[in-house]
K.L.:
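Here it is, the structure, as structure tokens.
Below, all heavy atoms of this structure are taken into account, side chains as well, without hydrogens, waters or symmetry copies. Source: prediction; values computed, not measured.
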Amino acid sequence: DTSPSMSLTSHRRCRATVYHYYRSKEEILFDIMTYADEEITRLMALEEGKDVSDLEKLGLMVSSHVAWYLRHPEIARVAFQDWVALSGGELEIQKSRRHRYGRFVRDKVEQCRAQSMIPSTVNAAVVSNFINGAVAAANTWFNPAGPAPADAIAEEFGKIAIAIVCRDDT
């Protein structure tokens, strides 16, 4: 039976089950963000371990990150939008996680600049913030039923990240 009353009853049972394991919505959000952080940390380690240049690592990490979030849109929404609903220690942990990823991107840009792989005029802070903003926004406009699959869009994001850091404004 798919009547509204059956759906409501099913919803209440599901909600009761969830709250059997979690004390609050904030705890649920934090658990989702912890899962996302573990996955992104795994991707960062995977890309960092590859025998390619730091510039290629930056592009691969951006691509991997975007692909993962486009394949997990509900988690992406929580990670990029709902995290501000956290408070106390959980909020501080999530801020630290976000800072760690942002630092990874910025460090890669600075390493590329130090190795003369990109122009010395590239502002690592601005470029890394721009890249992080693009990664965070990808899931808001991506259409899974659209003409381009997640992996193709993610690959393009990686290429764009490399192009942005390689540009020479002089």
Side-chain angles (χ1 to χ4, degrees), residues 29-86 89-170:
L29 290 174
F30 187 72
D31 196 38
I32 292 168
M33 288 179 226
T34 298
Y35 171 70
D37 180 65
E38 289 167 355
E39 289 297 305
I40 297 306
T41 299
R42 182 184 60 77
L43 291 173
M44 285 177 10
L46 180 69
E47 302 306 349
E48 186 61 40
K50 290 186 177 174
D51 188 24
V52 297
S53 72
D54 285 324
L55 186 59
E56 290 170 289
K57 287 178 184 178
L58 173 64
L60 290 169
M61 182 56 219
V62 169
S63 180
S64 295
H65 195 172
V66 170
W68 194 88
Y69 277 118
L70 293 182
R71 284 189 220 108
H72 303 89
E74 297 83 10
I75 295 172
R77 185 181 49 75
V78 170
F80 291 124
Q81 297 169 14
D82 297 344
W83 70 275
V84 295
L86 296 174
E90 286 83 4
L91 178 60
E92 294 308 312
I93 290 169
Q94 189 60 22
K95 284 180 181 179
S96 174
R97 291 170 175 167
R98 293 170 63 85
H99 179 75
R100 182 174 39 87
Y101 178 76
R103 193 70 222 172
F104 176 90
V105 173
R106 187 174 179 168
D107 286 350
K108 283 292 162 231
V109 173
E110 289 173 351
Q111 289 163 1
C112 291
R113 191 176 53 207
Q115 297 166 27
S116 299
M117 299 175 88
I118 62 173
S120 61
T121 57
V122 171
N123 184 324
V126 172
V127 167
S128 62
N129 286 335
F130 182 85
I131 291 169
N132 288 329
V135 168
N139 73 301
T140 62
W141 57 262
F142 174 67
N143 177 2
D151 288 342
I153 290 173
E155 185 178 331
E156 198 63 32
F157 265 66
K159 290 176 185 176
I160 292 168
I162 290 172
I164 288 169
V165 298
C166 288
R167 81 190 197 304
D168 191 355
D169 293 337
T170 57

K.L.:
Look only at the side chain of T41 and the backbone of D37, and say whether a donor-acceptor pair between them is shorter than 3.5 Å.
P.N.:
yes

K.L.:
As an exercise, state the distance from CZ of R106 to CG of N129, rounded to the nearest 0.5 Å.
P.N.:
7.5 Å

K.L.:
Could you check whether any side-chain heavy atom of R100 comes within less than 4.5 Å of a side-chain heavy atom of R97, counting everything from C-beta outward?
P.N.:
yes

K.L.:
Using a 3.5 Å distance criterion without hydrogens, assess whether the side chain of R167 forms a donor-acceptor pair with backbone atoms of I164.
P.N.:
yes

K.L.:
Show the nearest heavy-atom pair for residues A161 and V62, with the distance to one decimal.
P.N.:
CB-CG2, 3.9 Å

K.L.:
Is S53 close to M117 at the side-chain level, that is, under 4.5 Å between some pair of heavy atoms?
P.N.:
yes

K.L.:
Backbone N or O of A154 within a donor-acceptor pair of the S63 side chain at under 3.5 Å?
P.N.:
yes

K.L.:
If you round to the nearest 0.5 Å, how far is CG of D107 from CD of E48?
P.N.:
9.5 Å

K.L.:
Starting at CG of L46, measure out to CD1 of I40 and round the result to the nearest 0.5 Å.
P.N.:
11.5 Å

K.L.:
Can you give me every donor-acceptor pair (side chain of residues 72-85, partner residue at least two apart or in another chain, under 3.5 Å) with its distance?
P.N.:
from: H72; atom 1: ND1; to: W68; atom 2: O; distance (Å): 2.6
from: R77; atom 1: NH1; to: D82; atom 2: OD2; distance (Å): 2.5

K.L.:
Any salt bridge linking E56 with K108? Criterion: basic side-chain nitrogen under 4.0 Å from a carboxylate oxygen.
P.N.:
no

K.L.:
Does atom CZ of F142 have more than 12 heavy-atom neighbours from other groups under 6.0 Å away?
P.N.:
yes

K.L.:
Hey, mind stepping through F157 and L70 against side-chain contact (heavy atoms from CB on, under 4.5 Å) and telling me if it holds?
P.N.:
CA-CA 12 Å; F157 265 66; L70 293 182; over 6 Å; no

K.L.:
Mind checking what makes side chain to side chain donor-acceptor pair (under 3.5 Å) contact with E38, not counting sequence neighbours?
P.N.:
none

K.L.:
Find the distance between SG (C112) and CD1 (I162) and round it off to the nearest 0.5 Å.
P.N.:
8.5 Å

K.L.:
As an exercise, state the distance from CD1 of I160 to CD of E155, rounded to the nearest 0.5 Å.
P.N.:
11.0 Å

K.L.:
Walk me through whether V165 and I131 qualify under side-chain contact (heavy atoms from CB on, under 4.5 Å).
P.N.:
CA-CA 9 Å; V165 298; I131 291 169; 4.1 Å; yes

K.L.:
Looking at S96 and E92, would you say the former's side chain and the latter's main chain have a donor-acceptor pair under 3.5 Å?
P.N.:
no

K.L.:
For H65 together with Y101, are the ring centres under 6.0 Å from each other?
P.N.:
yes

K.L.:
Working to the nearest 0.5 Å, report the span between CD of Q94 and CE of M33.
P.N.:
5.5 Å

